[in-house]
There are 2 protein chains.
Amino acid sequence: MPEKSQKTRFGMIKERHGKTFENALKQGKMDEQMIGLCSFAAGTKGFYTSSCCSGRIILLEKNGEAKNKNAFHRKWHRTVSARELIEGVEENKGGVLWLKLDPFILHIGCKNIRGANSILEAMKKAGVKRGGIMVAQKDKFLIELQGTETMALPIKENGKQLAEKAFIEKLLEKANPLLEKNYARLRALENEFRKTLK
Amino acid sequence: MPEKSQKTRFGMIKERHGKTFENALKQGKMDEQMIGLCSFAAGTKGFYTSSCCSGRIILLEKNGEAKNKNAFHRKWHRTVSARELIEGVEENKGGVLWLKLDPFILHIGCKNIRGANSILEAMKKAGVKRGGIMVAQKDKFLIELQGTETMALPIKENGKQLAEKAFIEKLLEKANPLLEKNYARLRALENEFRKTLK
């Protein structure tokens with residue numbers, strides 16, 4: 001009996017996350033580059049994904065210390081043109097505007113430490129450097145994996161541009177290839193998962 | 001007998017890391033803000049620290065893709081004056097020079113999953129968002145914890161300054177308080193460790 005109820009607990013968590021993923025997919029809310037990996041996980045017996053982001057270039061408006069006062073002024077899960085970025089910067093009116101390149105972040109769940117270790121092994125093989133088991137409870141193991149390509153700086157404050165247009169364009173010339181590199185790493189991770197997770 | 005040899009394996013790892021820490025301390029190689037936490041861990045029965053950094057402002061010279069071609073042009077484990085930073089930027093001659101604020105990173109080891117979970121709990125209580133168990137083997141659990149305050153951008157390329165001096169100074173005005181915030185978080189983490197780890 002205990003064995004059965006244990007299975008049921010993990011099964012319920014997996015099922016719930018599976019439905020959330022299906023709904024996000026139907027509603028077009030999934031990042032394009034994350035769909036393959038999440039679909040694969042949903043189809044396995046022992047794994048599921050919860051929140052994730054494929055990596056992005058954003059303009060983040062910070063209005064004070066608290067994170068809940070941050071607003072996404074622009075968000076792209078793909079490489080960006082100079083025109084798009086400059087337009088985004090010009091249309092911001094207040095707060096401190098940060099230009100950021102965020103790497104992928106992925107939460108993947110499994111039933112036990114054996115499953116968690118197979119994820120950590122796949123992570124290493126794919127050359128992903130950041131990651132670890134964040135929750136280690138009976139029937140509920142949750143692993144966070146993250147890319148390492150980043151850029152982050154304030155470029156505008158209270159409507160006043162701090163960085164010049166030419167410099168922002170130069171930053172974008174560096175940010176776009178880093179984002180591509182991030183997506184390539186994410187694909188490598190998906191490939192390792194497909195080889196080893198069941 | 002098996003129980004005894006298990007104890008010995010963990011004990012040996014802890015002892016080795018304890019010696020490395022003691023030597024780093026004697027040679028003045030420890031980051032000032034990390035000494036309290038590492039000393040405390042060394043004095044516990046069940047925990048040790050391995051590599052760690054308290055958080056820093058750096059000028060990193062990148063010479064191509066490979067990480068081993070990166071060189072620390074400047075490195076400060078404290079807040080920095082505009083004069084120091086500008087001087088550092090001006091003295092760089094080649095590669096792509098990145099200005100970075102890196103948050104603290106800490107590796108802490110323990111014997112089993114119970115110990116690992118007590119670290120994850122302390123982490124949450126201290127408001128540290130990034131962290132997880134990176135190695136989960138018999139008698140060898142390793143947890144990585146990291147702060148979230150970051151800044152990262154290229155400011156010079158092949159000896160040519162991309163960002164203007166006034167803008168670099170403006171960035172530093174943002175970076176210094178973020179570094180202080182990072183150190184405050186690290187102190188909160190040390191306090192939680194002192195309350196709960198034995």
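Here is how names work: the chains are called A, B, and so on, in the same order as the sequence lines, proteins then strands, and each is numbered from 1.
In this structure, no portion of I168(B) lies under 4.5 Å from any heavy atom of chain A. For chain B, the nearby parts of L162(A) are the backbone and the side chain; heavy atoms of each come within less than 4.5 Å. In this structure, the portion of E164(A) lying under 4.5 Å from any heavy atom of chain B is its side chain and not its backbone. Within the 4.5 angstrom heavy-atom criterion, only side-chain atoms of L178(B), from C-beta onward, approach chain A. For chain B, the nearby part of K181(A) is the side chain; its heavy atoms alone come within less than 4.5 Å. Contact annotation for I119(A): neither backbone nor side-chain heavy atoms come within less than 4.5 Å of a heavy atom of chain B. E157(B) touches chain A through its side chain: at least one heavy atom from C-beta onward sits under 4.5 Å away, while N, CA, C and O do not. Only the backbone of K129(B) comes within less than 4.5 Å of a heavy atom of chain A; no side-chain atom from C-beta onward does.
Residues T150(B) and T150(A) form no side-chain contact, since every pair of their non-hydrogen atoms from C-beta on lies 4.5 Å or further apart. Using a 4.5 Å heavy-atom threshold, the side chains of K170(B) and P154(A) count as separate. Contact check for L153(B) versus K174(A): no side-chain heavy atoms found under the 4.5 Å cut-off. Proximity of M123(B) to M134(A): side-chain heavy atoms (C-beta onward) are separated by under 4.5 Å at one or more points. In this structure, the side chains of R130(A) and Q146(B) come closer than 4.5 Å at one or more pairs of heavy atoms. Within the 4.5 Å cutoff, the side chain of M151(B) has heavy atoms near those of the W98(A) side chain.
Under a hydrophobic clustering in which Ile, Leu, Val, Met, Phe, Trp and Tyr are joined whenever their side-chain heavy atoms come within less than 4.5 Å, directly or via other members, I58(A) and M30(A) fall into different clusters. Hydrophobic cluster membership differs between Y183(A) and L37(A), with clusters built from Ile, Leu, Val, Met, Phe, Trp and Tyr side chains linked at under 4.5 angstrom. L97(B) and L101(A) fall within a single hydrophobic cluster, where Ile, Leu, Val, Met, Phe, Trp and Tyr are joined by side-chain heavy atoms under 4.5 Å apart, directly or via other members. In the hydrophobic cluster analysis, where Ile, Leu, Val, Met, Phe, Trp and Tyr join through side-chain heavy atoms closer than 4.5 angstrom, L172(B) is grouped together with W76(B). Note on L179(B): it clusters hydrophobically with L85(B), by side-chain heavy-atom contacts below 4.5 Å among ILVMFWY residues.
Smallest separation of non-hydrogen atoms from N117(A) and A136(B): ND2-O, 3.1 Å.
Around the CD atom of E84(A), the shell of radius 6.0 Å holds more than 12 heavy atoms that belong to other residues, nucleotides or ligands. The neighbour count for R114(A) CZ, taken as heavy atoms of other residues, nucleotides or ligands under 6.0 Å away, does not exceed 12.
Put simply, of G131(A), A152(A), A166(A), the one with the most heavy-atom pairs under 4.5 Å next to chain B is A152(A).
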